[in-house]
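Written below as structure tokens is the structure these notes are about.
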Protein chains: 2
Amino acid sequence: MGRDRAGQLGERMSEEEPTPGSVRPGGRTARTRAAVLTATFDELGEGGYGELTMEKIAQRSGVHLATVYRRWGSVERIICELMIDKSADIALPDTGSLRADLHGLASGIGAFYAAPRNRRVMEAVVAAAVRQPYAAEMLRDFFRDRRRDAAVLVRRAIERGEVPADTDTDAVIAALGAPFYYRLLISRGPIDQDLAETTAAAAYEAARAGVFRHPAADAGER
Amino acid sequence: MGRDRAGQLGERMSEEEPTPGSVRPGGRTARTRAAVLTATFDELGEGGYGELTMEKIAQRSGVHLATVYRRWGSVERIICELMIDKSADIALPDTGSLRADLHGLASGIGAFYAAPRNRRVMEAVVAAAVRQPYAAEMLRDFFRDRRRDAAVLVRRAIERGEVPADTDTDAVIAALGAPFYYRLLISRGPIDQDLAETTAAAAYEAARAGVFRHPAADAGER
DNA sequence: AATCTAATGCGAGCGCGTTCGCGTTAGATT
DNA sequence: AATCTAACGCGAACGCGCTCGCATTAGATT
């Protein structure tokens with residue numbers, strides 16, 4: 001439970017000693033990184049976050065335990081890095097209609113989380129975010145960026161006149177994503193095509209009805 | 001990480017030794033229970049789940065560390081018990097219209113999670129569920145029961161003809177709850193009245209549009 | 001090819017969370 | 001009121017996660 005490391009180590013605060021692996025990112029460093037991430041992904045697929053240990057990761061990857069600790073410091077950091085690696089798989093559709101776009105995006109999310117390993121990774125990241133502030137910040141920023149990317153679907157729909165001009169694009173995307181994480185973390189049921197279709201349709205109908213219009217607030221959206 | 005305790009302790013498997021506190025639930029036992037739960041709630045309010053320790057709970061409550069371990073075994077178990085205690089505060093409205101009912105319920109949920117302590121408790125339970133199977137089961141069953149209770153709102157709306165007769169009542173309630181947990185766990189922003197209103201309106205419009213109708217499936221809803 | 005040093009391998013050691021055995025207390029029963 | 005025992009208080013000890021200092025390796029530089 002990393003409490004005030006800087007206070008104990010002394011030189012960290014003055015010289016800002018770089019993390020091992022950041023000066024020479026290529027060659028052996030890249031290999032160990034790949035080995036550790038792969039091992040973590042496989043380990044998560046078998047046992048889940050509760051069973052995951054730094055020692056198991058070290059053993060499966062063939063990388064020494066001390067090295068894993070030096071480069072990442074905790075399982076949570078490894079998992080965060082793993083999520084960023086894996087999450088590039090969900091594509092943004094561009095069909096010409098908001099209904100189809102939302103369906104496509106929801107299908108993509110649904111297909112992603114249909115894989116138990118991806119599910120476990122996201123579960124682990126959320127759990128890590130609850131325990132460690134830096135993981136929470138990472139998770140929040142990551143999803144903020146992804147929603148920002150996906151907001152283009154709604155912006156195009158606004159231009160087409162499908163939804164009101166003052167629709168909160170971020171709110172629509174958040175409404176599209178929310179049910180997946182509810183299923184993933186709360187009701188803990190299967191994530192299937194049914195959920196994707198229902199979710200997409202619900203977000204679409206609500207957006208068309210003008211539910212997500214800005215509440216006449218300030219321009220704090222940037 | 002409770003791995004096969006029964007195998008190590010021997011007598012646990014044959015005689016099924018009861019948990020301390022279950023034979024004489026009154027008197028001193030009830031006091032220590034209250035002290036531990038209150039201490040955990042206060043500790044969560046200050047530091048969050050990451051800072052929470054059995055020893056801190058023991059110290060703040062005045063109950064000995066060994067006693068806390070004997071009765072609960074882990075912080076996760078304490079937190080689960082705490083959630084069940086605290087969650088009885090959200091009431092189910094009955095106004096005569098689905099729109100107002102959903103607004104009322106959403107406001108209740110929103111007000112509940114506007115309190116940082118309640119937020120922390122739910123965060124902790126979700127994180128615990130990721131790590132320990134029994135917590136996951138507890139969380140899932142708890143929300144299943146709560147959704148079942150809340151489903152009466154939708155059932156009344158069906159009787160009034162506000163939504164299609166084959167509307168999946170559980171899906172409507174899940175859609176109403178999901179955005180709160182997305183905000184709570186993923187985007188990690190404030191849970192305010194805006195969110196409650198938007199969420200209620202979105203669920204209402206989608207339900208009215210027939211988004212949540214059963215997909216002509218079996219009667220597996222029980 | 002020789003040199004330099006970042007990154008890793010290695011094992012010892014510390015600290016903290018957790019458990020266990022025994023004595024004590026308090027609430028229930030007669 | 002006397003007795004019984006569930007539940008609690010107490011401290012020692014175990015085990016595991018984590019860190020640290022030094023030796024070794026490999027990739028980059030000249």
Side-chain angles (χ1 to χ4, degrees), chain A residues 1-12 15-37 39 43 49-78 128 131-132, chain B residues 1-12 15-37 39 43 49-78 128 131-132:
Chain A
M1 249 171 277
R3 59 244 169 266
D4 63 317
R5 315 180 161 173
Q8 295 178 350
L9 299 182
E11 72 269 13
R12 283 276 177 92
E15 198 62 26
E16 196 64 35
E17 185 176 324
T19 314
S22 59
V23 181
R24 291 179 181 173
R28 184 168 60 161
T29 300
R31 284 200 302 274
T32 58
R33 189 186 112 94
V36 166
L37 291 185
E43 203 70 39
Y49 183 50
E51 263 63 50
L52 193 60
T53 316
M54 290 291 259
E55 193 157 357
K56 283 187 182 175
I57 295 174
Q59 283 179 356
R60 186 186 276 253
S61 65
V63 177
H64 195 84
L65 178 64
T67 300
V68 182
Y69 268 107
R70 270 191 291 255
R71 289 204 34 191
W72 286 277
S74 66
V75 267
E76 284 77 19
R77 278 214 166 82
I78 303 179
R131 307 204 69 160
Q132 302 191 347
Chain B
M1 246 173 281
R3 59 247 170 265
D4 63 314
R5 318 181 158 172
Q8 295 179 347
L9 299 181
E11 71 270 13
R12 285 275 179 91
E15 199 61 26
E16 195 64 35
E17 187 175 323
T19 314
S22 59
V23 180
R24 291 179 180 174
R28 184 169 58 161
T29 299
R31 284 199 302 274
T32 58
R33 189 186 111 94
V36 165
L37 291 186
E43 203 70 40
Y49 183 49
E51 263 64 50
L52 193 60
T53 315
M54 291 290 260
E55 194 158 358
K56 284 188 182 176
I57 295 174
Q59 284 180 355
R60 186 186 276 254
S61 65
V63 177
H64 195 86
L65 179 63
T67 301
V68 183
Y69 269 108
R70 269 191 291 254
R71 287 202 38 190
W72 287 277
S74 65
V75 269
E76 285 77 18
R77 277 214 165 83
I78 302 179
R131 306 202 70 158
Q132 301 191 349

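Residue numbering restarts at 1 for every chain, and letters A, B, ... go by the order of the sequence lines. Because only heavy atoms are used, hydrogens play no part in the values below, and waters and symmetry mates are left out as well, while side chains stay in.
Of the side-chain N and O atoms in B:Thr67, one or more sit less than 4.0 angstrom from OP1 or OP2 of D:dG9. Contact check, B:His64 against D:dC8: no side-chain N or O comes under 4.0 Å of OP1 or OP2. Remark: A:Thr32 is in phosphate contact with C:dT8, judged by side-chain N or O atoms under 4.0 Å from OP1 or OP2. Here A:Tyr69 reaches the OP1 or OP2 of D:dC18: one of its side-chain N or O atoms lies under 4.0 Å away.
In this structure, the nucleotide among D:dG17, C:dT8, C:dT18 sitting nearest to the side chain of A:Arg71 is C:dT8. Counting only heavy atoms from C-beta on, A:Thr53 has its side chain closest to D:dG17 among C:dT8, D:dA7, D:dG17.
In this model, no donor atom of one side chain and acceptor atom of the other lie less than 3.5 Å apart for B:Glu43 and B:Tyr49.
For the pair A:Met54 CE and C:dT8 C1', the interatomic distance rounds to 15 Å; values are reported in whole Å. In this structure, the CH2 atom of B:Trp72 is 15 Å from the P atom of C:dT19, given to the nearest Å. B:Arg131 has its CZ atom 14 Å from the P atom of C:dG17, to the nearest Å. Note: CZ (A:Arg31) to P (C:dA6) measures 19 Å, nearest angstrom. Rounded to an integer number of Å, the gap from B:Glu55 CD to C:dC16 C1' is 8 Å. Counting to the nearest Å, the P atom of C:dG17 and the CD1 atom of B:Ile78 are 14 Å from each other. B:Arg77 places its CZ atom 15 Å from the C1' atom of C:dT18, with the value rounded to the nearest Å.
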Verdict with reasoning, A:His64 to A:Gln59, per side-chain contact (heavy atoms from CB on, under 4.5 Å) | CA-CA 7 Å; A:His64 195 84; A:Gln59 283 179 356; over 6 Å; no
Apply side-chain hydrogen bond (donor to acceptor under 3.5 Å, both in side chains) to B:Arg71 and B:Thr29, showing your working.
-> CA-CA 10 Å; B:Arg71 287 202 38 190; B:Thr29 299; 4.7 Å; no
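Using the Watson-Crick or G-U wobble rule with both distances under 3.5 Å, C:dT30 pairs with D:dA1.
The closest side-chain heavy-atom distance from B:Thr32 to B:Val68 is not below 4.5 Å. Contact of the B:Lys56 side chain with the B:Glu51 side chain is registered, since non-hydrogen atoms from C-beta on lie closer than 4.5 Å.
Side-chain N/O atoms of A:Arg28 and base N/O atoms of C:dA7 include a donor-acceptor pair closer than 3.5 Å.
The residue among A:Leu65 and B:Arg33 whose nearest nucleotide of DNA chain D lies closer to the 5′ end is B:Arg33.
Residue contacts for A:Arg70: at a heavy-atom cut-off of 4.0 Å it reaches a base atom on one of the strands shown.
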